[in-house]
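In what follows, chains are A, B, ... by sequence order, proteins preceding strands, each numbered from 1.
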Amino acid sequence: MASELHVYNSLTRKKEKFEPLHPPFVGMYVCGPTVYGDPHLGHARAAVTFDIVFRYLKHLGYKVRYVSNITDVGHLENDADEGEDKIAKKARLAQLEPMEIANYYTRRYNEAMRRMNVLPPSIQPLASGHIPEQIEMVEKILANGYAYISNGSVYFDLEKYAKQYNYGKLSGKRLEDLIAESRELQGTSEKRHPFDFALWKKADPRHIMRWKTKWSEGFPGWHLECSVMSTKYLGEQFDIHGGGLDLQFPHHESEIAQSVAANGKEPVKYWMHNNLVTINGQKMSKSLGNFITLYELFDGEQPEDGRTLPLNRTFNPQVVRFFILQAHYRSPLDFSQQALEAAEKGYKRLMNAVRLIDKLEPGDKSTVDFSKIIENTFDALNDDFNTPVVIAQLFEAVKLLNLIHDKKAQISASDLEKVKDFFHTVVFDILGLEFQETETSQIVNKLVDLILTLRLEAKKRKDYETADKIREELSKLGIRVKDTRDGFEWEFV
RNA sequence: GGCGGCGUGGCCGAGGGGCUUAGGCACAGGUCUGCAAAACCUGGUACACCGGUUCGAGUCCGGUCGCCGCCUCCA
């Protein structure tokens with residue numbers, strides 16, 4: 001292969017050659033979902049983005065440990081001081097145990113990801129399962145002098161940290177700007193400095209999720225779990241940390257600060273951030289009410305909260321995956337039904353060719369050359385996982401495959417083997433696309449075949465009235481009949 | 001207000017100083033066909049605006065306009 005993998009590092013704002021700290025091993029941590037609601041398109045984009053990274057690194061021969069957490073505790077609802085844990089709030093409203101809520105949405109998340117053919121991470125740790133480790137890290141930061149106790153809560157001492165280290169290097173922010181901005185906000189009594197963030201938060205009496213410590217009965221702060229779990233499973237320094245662009249500040253910035261304050265080391269070599277999903281050019285978000293969950297998209301589930309959905313049909317999870325891959329992960333991706341319908345047609349065209357490839361007959365020699373396409377494809381993958389270019393190259397190959405099928409070109413047996421291998425590797429293993437799940441039983445398949453065989457006989461008798469009627473009635477059932485030279489094909493529309 | 005990013009043909013979406021076109025969808029023409037659909041083949045249109053650098057600029061620099069993100073939980 002001519003080129004080598006380069007990844008865009010958010011920390012340096014440059015593409016850098018990828019060199020793991022301890023080859024052939026690669027440690028990768030990606031911020032997972034907070035499980036207090038159904039997974040939406042934004043979750044899908046992050047998961048698919050890093051699924052490609054995971055798959056491609058494995059393809060390159062690295063031994064990858066991929067850790068992606070489930071946040072089931074610790075995120076605050078509103079203002080840090082008044083807030084209530086998101087999961088606890090939902091639990092109180094629904095009269096359910098917090099664990100019940102978290103488990104339910106974790107399963108829903110994982111199921112949706114499975115349907116999009118997202119590989120499960122090597123480790124999927126729970127924040128609630130790592131409370132002792134989080135307490136330990138708070139103690140370490142306290143012992144190192146970068147935190148202080150105030151009224152039962154423990155806060156990170158940002159002012160002190162910023163004197164020695166560059167807080168803001170990841171997000172390009174300057175602490176002075178942040179201070180200037182926040183001065184006007186009301187001073188919060190417990191904190192020395194408005195931008196100090198909670199490492200441990202004392203729980204108010206209503207708060208149901210709580211753990212006993214010497215500081216107070218409470219719960220861990222927002223950013224702590226990722227620092228703790230990445231360190232535990234990947235070490236104090238590891239290769240890749242990923243997540244959505246919206247997590248860059250303050251979440252990831254604070255993770256760096258915590259790790260440096262606790263361990264004295266920069267935790268991450270390559271920071272990667274996927275861009276966000278927009279709907280009509282606006283960020284998809286809960287507060288704007290313009291989000292769309294994956295179950296609404298895949299299965300036509302109706303929103304519980306009376307939102308109106310910007311679509312009137314469902315899409316196969318594979319089509320959604322393909323749609324996501326058609327944009328580069330660092331560009332915004334604008335959602336619309338029209339865009340998804342276009343992706344769906346392209347996806348089908350690609351998959352047709354994948355099916356076709358196994359039926360092709362080799363000729364004596366090759367009159368088409370796939371080598372440039374193959375080279376371009378891997379160059380694109382090596383260039384910061386440029387999946388849109390990969391897909392464009394695949395369509396170039398599709399064109400050639402169709403020419404061969406139409407006998408307008410030919411390919412030698414050995415070249416055909418190469419192309420088959422290339423297609424299977426890229427389409428299935430690296431892009432993780434697969435044939436659409438067909439949910440029909442064998443019986444239905446056989447019945448349709450039977451009906452169409454009878455129709456074929458009618459056609460032979462030139463009884464076109466019957467043939468057309470059958471085709472029309474099947475069409476009403478959502479079955480599209482396609483006549484071929486000497487038979488028929490059909491598919492669900 | 002501070003910081004960052006983006007404006008590409010009807011739509012989506014890559015590229016990023018000249019060399020070979022991104023690609024998909026839509027559209028038009030064609031092949032196939034009892035008709036149709038599907039499939040396949042072929043084809044056109046582009047780089048927000050104004051200056052500058054350069055032999056040469058969507059591509060670099062400056063400005064203008066517009067859009068978006070972060071600065072609060074968020075993938």
Side-chain angles (χ1 to χ4, degrees), chain A residues 13 30-34 36-37 39-50 71 75-80 83 86 168 171-174 176-178 180-182 184-185 195 222 242-251 253 273-278 281-287 291 322-323 326-328 330-336 338-350 352-353 356 372 376 380 383 386-396 398-399 401-403 405-406 408 459 462-464 467-468 471-472 475 480-485 488-491 493:
Chain A
R13 279 150 233 249
V30 175
C31 291
T34 304
Y36 66 103
H40 54 66
L41 262 175
H43 294 110
R45 189 170 196 200
V48 168
T49 295
F50 292 102
T71 297
H75 279 226
L76 301 179
E77 178 80 337
N78 291 310
D79 175 60
K86 270 183 180 165
S171 53
K173 298 195 182 304
R174 289 192 300 264
E176 310 90 76
D177 296 340
L178 296 173
E181 174 69 17
S182 60
E184 289 127 43
L185 304 173
F195 259 83
W222 348 338
L245 196 58
D246 49 351
L247 295 177
Q248 194 173 36
F249 186 90
H251 186 58
E253 198 73 70
H273 292 97
N274 64 277
N275 215 314
L276 307 179
V277 177
T278 58
Q282 280 233 309
K283 180 187 166 180
M284 201 179 75
S285 78
K286 291 246 162 185
S287 51
F291 65 97
F322 183 81
F323 171 67
Q326 266 192 313
H328 185 81
R330 283 192 285 115
S331 300
L333 176 64
D334 196 47
F335 169 89
S336 68
Q338 197 191 4
L340 265 177
E341 281 171 349
E344 181 176 57
K345 291 191 177 150
Y347 170 77
K348 283 189 174 169
R349 182 151 180 255
L350 180 63
N352 269 342
L356 187 68
K372 191 72 190 166
N376 289 346
D383 184 14
N386 196 330
T387 55
V389 170
V390 170
I391 289 171
Q393 289 301 316
L394 289 175
F395 278 112
E396 295 289 347
V398 167
K399 199 172 281 181
L401 292 172
N402 286 329
L403 282 176
H405 180 243
D406 291 350
K408 288 172 183 159
K459 276 175 67 181
K462 304 234 190 279
D463 180 4
Y464 295 123
D468 289 351
R471 184 169 67 194
E472 194 186 321
S475 166
R480 178 190 283 147
V481 177
K482 298 186 280 187
D483 290 345
T484 59
R485 186 182 294 277
F488 55 81
E489 289 173 13
W490 61 274
E491 65 183 6
V493 181

- Item | Heavy-atom protein contacts under 4.0 Å, nucleotides 20-29 of chain B, coded B base, S sugar-phosphate only, - none | --BSSSS---
- Check every atom of B:G16, B:A14, B:U72 against the side chain of A:A327 and return the nucleotide holding the closest atom. B:A14
- Message: Going by the rule side chain to side chain contact (heavy atoms under 4.5 Å, CB included), which residues pair with A:A327 if we only count those two or more places apart in sequence or in a different chain?
- Response: A:R45, A:L333
- Message: Once side chain to side chain contact (heavy atoms under 4.5 Å, CB included) is applied, do any residues pair with A:K408, and if so which ones, sequence neighbours excluded?
- Response: A:L403, A:D406
- Task: Name all stems that contain residues of RNA chain B, defined as runs of 3 or more consecutive Watson-Crick or G-U wobble pairs, both distances under 3.5 Å.
- Result: B:1-7 with B:65-71, B:10-12 with B:23-25, B:27-31 with B:39-43, B:48-52 with B:60-64
- Item | Atom pair CD (A:Q248) and CD (A:E253), whose distance is rounded to the nearest 0.5 Å | 7.5 Å
- Query: Taking atom CG of A:L356 and atom CG of A:N402, what is their separation to the nearest 0.5 Å?
  - Reply: 6.0 Å
- Task: Report the residue (A:L276 or A:Y464) whose heavy-atom-nearest nucleotide on RNA chain B is the more 5′ of the two.
- Result: A:Y464
Answer with base, sugar-phosphate or nothing: what part of the nucleic acid does [X] contact at a heavy-atom distance below 4.0 Å?
X	value
A:H273	nothing
A:N386	sugar-phosphate
A:N402	sugar-phosphate
A:D246	base

- For the residue pair A:V277 and A:H40, establish whether any side-chain heavy-atom pair is separated by less than 4.5 Å. no
- Message: Can you confirm whether A:F395 sits close enough to A:L350 that some side-chain heavy atom of one is under 4.5 Å from a side-chain heavy atom of the other?
- Response: yes
Are there any protein N/O atoms within less than 3.5 Å of an N/O atom in nucleotides 43-45 of chain B, and if so, which ones and at what distance?
none

- Query: Has A:N275 got a side-chain N or O lying under 4.0 Å from the OP1 or OP2 atom of B:G69?
  - Reply: no
Restricting to nitrogen or oxygen on both sides, can you table the protein-nucleotides 66-68 of chain B pairs closer than 3.5 Å?
none

